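Counting convention: from 1, in listed order, for ligands and their atoms alike. Just so you know, these numbers use all the heavy atoms, side chains as well, and skip hydrogens, waters and symmetry mates. What you are looking at is a predicted structure, and each value in this text was computed from that prediction instead of being measured.
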Amino acid sequence: MRIGIIGGGAIGLLFASHLCDKHRVTLYTRTAQQASIISHDGLLLIKEGESRLLDNIFSKSLDEGITEQDLLITAVKQYQLQQILPAINRLGVPMLFLQNGYGHITHLKQLHSPYIYVGVVEHGALRHDANTVEHTGLGITRVAAYRGELDHLSLVNEEFDRFPFAKSEDYQSILLDKLVVNAVINPLTAILQVENGDLISNAFYYQLFKELFNEISDILEVENKAESFEHVKSVCMATAGNRSSMLKDLEKGSQTEIDAILGHILTVANRNGKKNGLASSLYKMIKGKESRGG
Ligand code: PAF
């Protein structure tokens, strides 16, 4: 199958490096420089202490246009999605969207493709440079159909080496579950400047972790709180050595996904008159850091 992946960040590189064993992968990057490095030098995957150089990934800059594909995976940040919509909105190819948060769903309506899927990624991934990615935490990618039949996404029925996919019936629930994961782990790790696992192993941070989870699950009216809490905790432990994407964004002085994550949750809280003291303080702290470049 021909798979196009849009986005040369940690998640785009991670997916390219795992899917290229079985498929013809083309990675579309923002810069021509990154595409040229990957085309000439290959992509280096670091996993469990071993490095593997993959030289079968094609790479182009998005400006060169998208060539014919059987599946298009969009792995850009949620706030970058709007910029790439003109390049994809008239295509009829099946598409899988891997953004954090919830807000991107509103953009999907305008797409012409009859097969649209959303996925949430629970792997830890670290981009070292333009063509090196490290798989820092083994997780899972959950996928659900937004439009069309899920079975049309053949990827979910294939076996990949330690890179599992799980099918879900309901896209709203997988996005909501991931939103809770990101809303608890990302802002805390970014402000405390710690790896994900420290939120569990440090008794004081764990207290904050529990308080933030309680506030957020209340705002989002999560049905099974105990199960949801165990899920957030298990993702945190599976990615214990990982620096969250929000912490890495602040360290690089890049824009974070705080608006798509806590911003969305605060809108829901304000609309329904829910207590949001901790989420609101963390939101302001992240925005403050972001505005001064990290
Ligand atoms: O955003 C992230 O960093 C990741 O979604 C996760 C799963 C929280 C692991 O760090």
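- Of all atoms in ligand 1, numbered sequentially from 1 with element shown, those under 4.0 Å from a heavy atom of S244 are 3 (O), 10 (O).
- Side-chain contact between I88 and I6: present, with at least one pair of heavy atoms (C-beta onward) separated by less than 4.5 Å.
- F229 and F209 have their aromatic ring centers within a separation under 6.0 angstrom.
- The aromatic ring centroids of F15 and F163 lie less than 6.0 Å from each other.
- A side chain to side chain contact (heavy atoms under 4.5 Å, CB included) with L27 is found for exactly one of I3, N131, I5, namely I5.
- Taking each of D249, N100, V235, N186 in turn, the one with a heavy atom nearest to atom 8 (C) of ligand 1 proves to be N186.
- Close approach of ligand 1 to N196 (heavy-atom distance below 4.0 Å) involves ligand atoms 9 (C), 10 (O).
- Among all protein heavy atoms, the one lying closest to atom 4 (C) of ligand 1 is N182 ND2, 3.9 Å.
- For ligand 1, the atoms lying closer than 4.0 Å to a non-hydrogen atom of S245 are 1 (O), 2 (C), 3 (O).
- Remark: distances from the non-hydrogen atoms of K178 to ligand 1 include one below 4.0 Å.
- Every residue meeting the side chain to side chain contact (heavy atoms under 4.5 Å, CB included) condition with A260, not counting sequence neighbours, appears here in chain and number order: Q78.
- Every N/O-N/O distance between T239 and ligand 1 stays at or above 3.5 Å.
- In this structure, Q172 and Y102 have side chains that are in contact, with non-hydrogen atoms separated by less than 4.5 Å.
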